[in-house]
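These notes concern the structure reproduced below.
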There are 2 protein chains.
Amino acid sequence: MTLKGVKPFSFITMDVMLCYNVRTCINLKVNQNMHNTKHNQVKEAIQSWILEGKVAPRQKIKSENEMVEIFGVSRHTVRQAIGDLVHEGWLYREQGRGTFCSDRTLSDQKPNKLIGIITTYISDYIFPSIIRGAESYLNSKGYSILLASTNNNVKEEKACLQTILNKNIDGLIIEPTKSALYNENLNYYLGLEANNTPYVMINAYYPQLQSPSLTVNDEQGGHMAAEHLIHLGHRRIIGFFKTDDLQGLHRMQGFLRAHREHRVTIDPELIVPFNTEEKEEKPKEALRRILRMKSEKPTAVFCYNDEIALNILDVVREQQLKVPEDLSIVGYDDSHFAQASEVKLTSVKHPKMVMGETAAQVLIEAIQEKGREIEPVVFQPELIVRSSTRKIE
Amino acid sequence: MTLKGVKPFSFITMDVMLCYNVRTCINLKVNQNMHNTKHNQVKEAIQSWILEGKVAPRQKIKSENEMVEIFGVSRHTVRQAIGDLVHEGWLYREQGRGTFCSDRTLSDQKPNKLIGIITTYISDYIFPSIIRGAESYLNSKGYSILLASTNNNVKEEKACLQTILNKNIDGLIIEPTKSALYNENLNYYLGLEANNTPYVMINAYYPQLQSPSLTVNDEQGGHMAAEHLIHLGHRRIIGFFKTDDLQGLHRMQGFLRAHREHRVTIDPELIVPFNTEEKEEKPKEALRRILRMKSEKPTAVFCYNDEIALNILDVVREQQLKVPEDLSIVGYDDSHFAQASEVKLTSVKHPKMVMGETAAQVLIEAIQEKGREIEPVVFQPELIVRSSTRKIE
DNA sequence: CGGCTTCATATGTACGTACAACTTTTATTT
DNA sequence: AAATAAAAGTTGTACGTACATATGAAGCCG
């Protein structure tokens, strides 16, 4: 009874001899693992295929049943051998497809089943949805989540990156800080790549870095919102845009493009940029100022997001105006806020939970299949028309 | 044919059902890893012995044949489960002697600077504040955060506890699931204590377990809200209470006590209990029903939280009533929502970020000063009076 | 008592069968 | 030609058996 396909050893014949051999070896603490069990011989045979280059990484090896024939052993024994090699990282199995040689080029780190997530704000109104989407997917895959937030502050981002990268994570989902500006933490991302740790950026990306990202087509979102208002007959539309992240700039681009395409001239007075620190007061004051102006009154407002829209609504009430009769308003994000007020906001909707989930998904794929490129995903927004906008003459 | 020693699931009976269940779940990308294979159930059972402290390090666990009897599965299956756990470092085997629990304390003694946080909902409107409070404090102390959410579901809580406890955390902040009901995961908390890992509960606690907790005095909050309305002259006050967590029950208690103290009789028709699953529709329908009734109309409403209050506001508008002229409304939590609408809600405010921060603080103290008892903290709520309540005759 | 065997019990190896779950290929139908 | 169904191939789970090997305790005996 011999293991057919293997050269060096035969079974029973060597068995007795080797028993003594092994026993003496044990004292020397050498080759203790080299029991000449059948599954170990099969294991070594497979291993030699890999080492000798007979199978390349990602290439399918012989099926279990073929090996049963080749080695003349039971399937159980073959599975035992393969199982060991899978645990040791030589192979991976895919049900229904086969067993494959893994790419052990730079791996060799025990999987921690740990994913880092860095967001700008934890308590802001839409990020929890994104986190939740990622959380539910990752949890279902047995991964844990390491969470940190940067408060849209580059220094804090640096601190987050440092603490999280110390934890030997398998992957990272990050919403970059102030993406419109130059970021001094680029080195950390380059380090991630050098370390072969996959990462995805959500909501934004650094143009300098060609990093995989999931984004919403904000240019189109801004375009949709503006076009909606223009189609309703509005010609003087105020636009509030946050300009320290790319999302705001893109929304503004789309907003302007819609105006150009429909040959609506833009009054620069009506374009109000602001940054994170000014979000509470600047848009409100700008609106009051614009309403005081002698020139032709604006008839519509596009807001960077629903939160700003609600602030704007406060000013509208204070000025005794009515929505949508006197002023149409379009928000962005389609958050809880959009339906909280007496005026149900027309808003640009985009996937939130799904984005988190997708981020998690592509990340896990990149982890499981080392070396696989993460392809950028762009989500298309959708305009949800409610009662805050109306047609005018 | 059932896996005897394990409570929750039975095999073949569930097997076929779950096949389909799993298949549908896959589309939802949920729980894909939680195959309910027999060897996985056995594995989890053994793992829980360890986590719950039923077997100490270096102690022998039940033999394979005993487990065959206990679980009613084949030896092959038991070996598969044990094999996995050996690979993952939970157990080690010695031929002829038995299988033993490995001593994982010695191996990774180094402080991990890792704190687990388990909440019910991540995306719900006030929890992000709590998480953020904890996050900012912990980050400043150089700790990282491991996050998971239970969706207020006991089964998911179990899964969270298992994955997080695998990660060798230094401490745990947990918001318990459905605290008004009996919880089957108590063993895990006892295991934490046995393992000398400090933990704090927030928002709720299990009376059975004498666990350290941070809570809001919800009884007083309910009392304040009701007393405020009674002082304003209201005598028929509707109360919406969530009754599957302790917070809701406490708010109800305080609400009732205020009525008793001021000798205001309570119409049972006006007390509306609901649970998590019914929160969207039941309160709204109840209000419509009450307003249709022939009896004397109620003049005020107390809502379990601001989210419910906003739903109620929708019904109020639909019925063409005015707030506060026709109906006074008091909310709870003083969330963003309280100021989102045209009616600025009177609401019961409690510390949110501060609670998260305090939880983190006491936990870190308990970690640094081993053996120190964590003293329970009760936060006092505060009534923020806005324009949704008014005096009546 | 010390040393030996024997026996019960534990894990380790190896064989076998059957069916489930998944993927890919082929054949069939529309 | 495209959509659909069936078949074949592959890994995954689970049952069973048998015997090998290692340990520890009980019993035997010089």
Side-chain angles (χ1 to χ4, degrees), chain A residues 1-3 9 11-12 14-16 18-20 22-23 26 32-43 46 59-87 91-101, chain B residues 1-3 9-12 14-27 32-43 46 59-69 71-87 91-100:
Chain A
M1 195 200 204
T2 342
L3 196 144
F9 299 107
F11 275 139
I12 301 299
M14 299 290 286
D15 228 22
V16 186
L18 279 177
C19 278
Y20 286 93
V22 166
R23 191 168 284 179
I26 282 174
Q32 192 174 350
N33 69 326
M34 199 191 149
H35 302 298
N36 248 26
T37 57
K38 286 196 188 178
H39 75 256
N40 262 323
Q41 290 195 36
V42 173
K43 185 177 158 186
I46 299 171
Q59 193 188 325
K60 185 169 167 300
I61 67 170
K62 297 240 182 295
S63 81
E64 294 179 357
N65 281 322
E66 282 175 307
M67 288 199 238
V68 166
E69 288 297 318
I70 291 171
F71 297 115
V73 296
S74 72
R75 185 168 161 230
H76 178 88
T77 306
V78 172
R79 277 187 72 75
Q80 209 169 345
I82 294 177
D84 275 9
L85 290 169
V86 167
H87 271 295
L91 303 173
Y92 61 96
R93 300 196 257 215
E94 289 187 27
Q95 183 169 356
R97 281 173 34 88
T99 307
F100 303 83
C101 179
Chain B
M1 194 200 204
T2 345
L3 197 143
F9 297 105
S10 59
F11 274 139
I12 301 302
M14 299 290 287
D15 228 22
V16 185
M17 288 171 54
L18 278 178
C19 283
Y20 287 92
N21 240 331
V22 166
R23 190 169 284 179
T24 53
C25 278
I26 283 174
N27 295 330
Q32 197 173 342
N33 74 322
M34 201 194 153
H35 302 299
N36 252 21
T37 57
K38 289 194 187 180
H39 74 257
N40 261 323
Q41 290 194 38
V42 172
K43 184 178 160 187
I46 298 173
Q59 192 188 324
K60 183 169 167 298
I61 69 169
K62 297 235 182 298
S63 80
E64 293 178 358
N65 282 320
E66 280 174 307
M67 287 199 239
V68 166
E69 286 297 316
F71 297 117
V73 297
S74 70
R75 182 164 164 234
H76 178 88
T77 307
V78 172
R79 278 187 70 77
Q80 209 169 344
I82 294 177
D84 275 9
L85 291 168
V86 168
H87 271 293
L91 304 173
Y92 60 94
R93 301 195 255 213
E94 288 186 28
Q95 186 170 356
R97 284 181 19 98
T99 307
F100 303 84

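The basis for the numbers below is simple: all heavy atoms, side chains too, and nothing from hydrogens, waters or symmetry mates. Below, chain A is the first sequence line, B the second, and so on; all start at residue 1.
A/F100 has its CZ atom 11 Å from the P atom of D/dT10, to the nearest Å. One interatomic measurement links the two molecules: OH of A/Y92 to P of D/dG12, which rounds to 13 Å at whole-angstrom precision. For the pair B/N65 CG and C/dT11 C1', the interatomic distance rounds to 10 Å; values are reported in whole Å. Rounded to whole angstrom, the span from the CD atom of A/Q80 across to the P atom of D/dT13 amounts to 15 Å. Going from atom CZ of B/R93 over to atom P of D/dT23 covers 16 Å, rounded to whole Å. In this structure, CD1 of B/I82 is placed 14 Å from P of C/dT13, rounded to the nearest angstrom. Look at CG on A/L85: it is 14 Å from P on D/dT11, rounded to the nearest Å. A/E64 places its CD atom 6 Å from the C1' atom of D/dT11, with the value rounded to the nearest Å.
For A/K62 and D/dT10, the shortest distance from a side-chain N or O to OP1 or OP2 is not below 4.0 Å. Taking 4.0 angstrom as the limit, A/T77 places a side-chain polar atom (N or O) nearer than this to OP1 or OP2 of C/dC15. Considering only side-chain N and O atoms, B/R79 lies under 4.0 angstrom from the phosphate OP1 or OP2 of C/dG12. For C/dT11, one of the phosphate oxygens OP1 or OP2 lies less than 4.0 angstrom from a side-chain nitrogen or oxygen of B/T99. In terms of phosphate contacts, A/H39 brings a side-chain nitrogen or oxygen within less than 4.0 Å of OP1 or OP2 of C/dA14.
Note that CG of A/N65 is 10.0 Å distant from CE of A/M67, once rounded to the nearest 0.5 Å. Put simply, NZ on A/K38 and CZ on A/F71 are 12.5 Å apart, with the number rounded to the nearest 0.5 Å. Atoms CZ and CD, from A/F100 and A/E94 in turn, are 5.0 Å apart once rounded to the nearest 0.5 Å. A/L85 CG to A/T99 OG1: the interatomic distance, rounded to the nearest 0.5 Å, is 10.0 Å. Atom CZ of B/R79 is separated from atom CZ of B/R93 by 4.5 Å, given to the nearest 0.5 angstrom. Atom-to-atom distance recorded for B/K43:NZ and B/T37:OG1 is 8.5 Å, nearest 0.5 angstrom.
Ranked by how close their nearest DNA chain D nucleotide is to the 5' end, B/V78 and B/R75 are led by B/V78.
Contact record, B/G98 with B/K60: CA-CE, 4.0 Å, taken as the closest heavy-atom pair.
Of the candidate nucleotides C/dA14, C/dT11, D/dG12, D/dG12 has the atom nearest to the side chain of A/Q95. For A/S74, whose side chain is taken as the heavy atoms from C-beta onward, the closest listed nucleotide among D/dT11, D/dA14, C/dG16 is C/dG16.
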Nucleotide N/O of nucleotides 5-9 of chain D paired with protein N/O under 3.5 Å:
unit_1	atom_1	unit_2	atom_2	d
D/dG9	N2	A/G96	O	3.4

